[in-house]
Amino acid sequence: MKIDRIEICEIQMPLVHFFETSFGRTTVRRIVLVRMDADGLTGWGEVTCGETPFYSHETPETSWHILRDFLIPWALNKEFASPSEMTPLFAPIRGHNMAKAALENALWDVEAQQRGVPLARLVGGTLQEIPCGVSIGIQNSVEELLEKIQREVDAGYQRIKVKIKPGWDVEVLDRIRQRFPRMALMADANSAYTLDDLPRLKLLDRFYLMMIEQPLGWDDILDHVRLQRELATPLCLDESIHSADDARKAIEAGACKIINIKLGRVGGFTSARRVHDICRAKNVPVWCGGMLESGIGRAHNIALSALAGFTLPGDVSASQRYWAEDIIEPEVTVTPEGTIRVPLTPGLGFTPRLDRIEKLTVRRESFG
Ligand code: OSB
Ligand code: MG
């Protein structure tokens, strides 16, 4: 495959409902999209970073810089026998995995179209339906949170994840358990705690959560080892895992029993599959995380979630939970059983709506 032209554009999309984590509240998403023309086909990718450098170092601005000044010039007019060849090509650039992933994933989309197979099959996915959960942010009150949980349970989602932070944790989980004693429940702290909070974190064991996600430092492995020894609840790492090597080290050290794989955070499908394979070999379940993606990133997440090791419900849910109108056709929908059917059509399986993307675009730049 030879890439002739790449366009990056930034779109701005208001969320239907604000999303709040321990590091802040998001109301409008700024999303950088990659449109790649190769061999007469067009592939799409999405940079999944947040607006602020609070989840990771990447922002729309840093991704624009890295794409424009490094990744795109390196990729243009090159022959790729496989999108996996982008991984070594981009390796000299430290970090910036979400910018790298947007390009690599767009080329996977191209290859899937060229071969006439669904993206999920091209990357090795075998599941026909993926189990779905939802991630519910911190709300203005516990009552509002309970109402939201009820709505998602009624919609059929298979597990509920709530965001926690010091002061929005033990009491909130206690209220949730009183109302939903048997529901599959987990909590994500986005690095809001330290080992000094050990007594408080130990209290979470009484809620028999499926897992606690990333309670400690965003770049930590070792303190999680100490914490996991003290807790009955499995720990799951998100922010700390950027590669298959990180996953191997975390598992070998005993830092976690579950791993959340995000395509952007690990740098695209090639790396995500390696993380998946390491976890599978070590019997560590994985699930697909979300970054409040538009339909394009969401479609990539569905394809990834079709790999056999994704045995736990992911944070991949219906378009309408995020957007009044998504930028793909059809939108992502969830069955009453809380699953998404993996598309059977070639490529992404969802068509980007060019008119809608055009309307939402606030800046663009073309190369090649
Ligand atoms: O930690 O998983 C996270 C959203 C933004 C940044 C980090 C995270 C999240 C989510 C939302 O939990 C997942 C989603 O619904 O897309
Ligand atoms: Mg997380």
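Just so it is clear, the values below take in all heavy atoms, side chains as well, and ignore hydrogens, waters and symmetry mates. When a ligand or atom number is given, it counts from 1 through the structure's own listing order.
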With backbone taken as N, CA, C and O and side chain as the heavy atoms from C-beta onward, which portion of [X] lies under 4.0 Å from ligand 1: side chain, backbone, both, or neither?
X	result
R321	neither
Q214	neither
T26	neither
V134	neither
T21	neither

I'd like to check which ligand 1 atoms, numbered from 1 as shown, lie under 4.0 Å from a non-hydrogen atom of [X].
X	result
K163	1 (O), 2 (O), 3 (C), 8 (C), 9 (C), 10 (C), 12 (O)
E213	2 (O)
Y55	7 (C)

- Flag the pair F180 / L185 as yes when at least one side-chain heavy-atom distance between them is below 4.5 Å, and no otherwise. no
- Side-chain heavy atoms of M183 within contact of I176, under 4.5 Å: yes
- Message: A308: which residues meet the side chain to side chain contact (heavy atoms under 4.5 Å, CB included) condition with it, sequence neighbours left out?
- Response: T126, R280
Identify, for [atom], the protein heavy atom at the shortest distance, and state residue, atom and that distance.
atom	result
atom 14 (C) of ligand 1	Y322 OH, 3.3 Å
atom 16 (O) of ligand 1	L292 N, 2.8 Å
atom 4 (C) of ligand 1	F19 CE2, 3.6 Å
atom 1 (O) of ligand 1	N190 ND2, 2.7 Å

- Task: Evaluate the ring planes of F269 and W108, with Trp represented by its six-membered ring, and classify them as parallel (under 30°), tilted (30 to 60°) or perpendicular (over 60°).
- Result: perpendicular
- Task: Hey, could you give me each pair passing salt bridge (charged side-chain N to carboxylate O under 4.0 Å, His left out) that has a residue in residues 111-123? Not counting sequence neighbours.
- Result: E111-R115
Can you see whether [Y] has [X] sitting over its ring - NZ or CZ less than 6.0 Å from the centre and within 45° of the normal?
X	Y	answer
R298	Y322	yes
R177	F207	no
R29	W323	no

- Item | Pick from E293, K262, M291: the one approaching atom 3 (C) of ligand 1 most closely through a non-hydrogen atom | K262
- Check each of G289, G314, G290, G133 against atom 9 (C) of ligand 1 and report the one with the nearest heavy atom. G290
For ligand 1, which is the ligand I care about here, please tell me if [X] has any N or O atom under 3.5 Å from one of the ligand's N or O atoms.
X	result
E239	no
D238	yes
S135	yes

- Would you mind counting protein N, O or S atoms that sit less than 2.8 Å from the Mg ion (ligand 2)? 3
- Quick check: are there more than 12 heavy atoms from other residues, nucleotides or ligands sitting under 6.0 Å from CG of L198? yes
- Message: More than 12 heavy atoms of other residues, nucleotides or ligands under 6.0 Å from NZ of K359: yes or no?
- Response: no
- Item | Expected output: side-chain Q214 to main-chain E239 donor-acceptor under 3.5 Å | yes
- Return each pair, listed once, that meets ring-ring contact (aromatic ring centres under 6.0 Å, His included) where at least one residue sits in residues 51-84; pairs must be two or more places apart or across chains. H57-H96, H65-F70
- Identify the heavy atoms of T333 and I340 that sit nearest to each other, and give their distance. O-CG1, 3.7 Å
- With the 4.5 Å side-chain cut-off for hydrophobic clustering, are M13 and V32 part of the same group? no
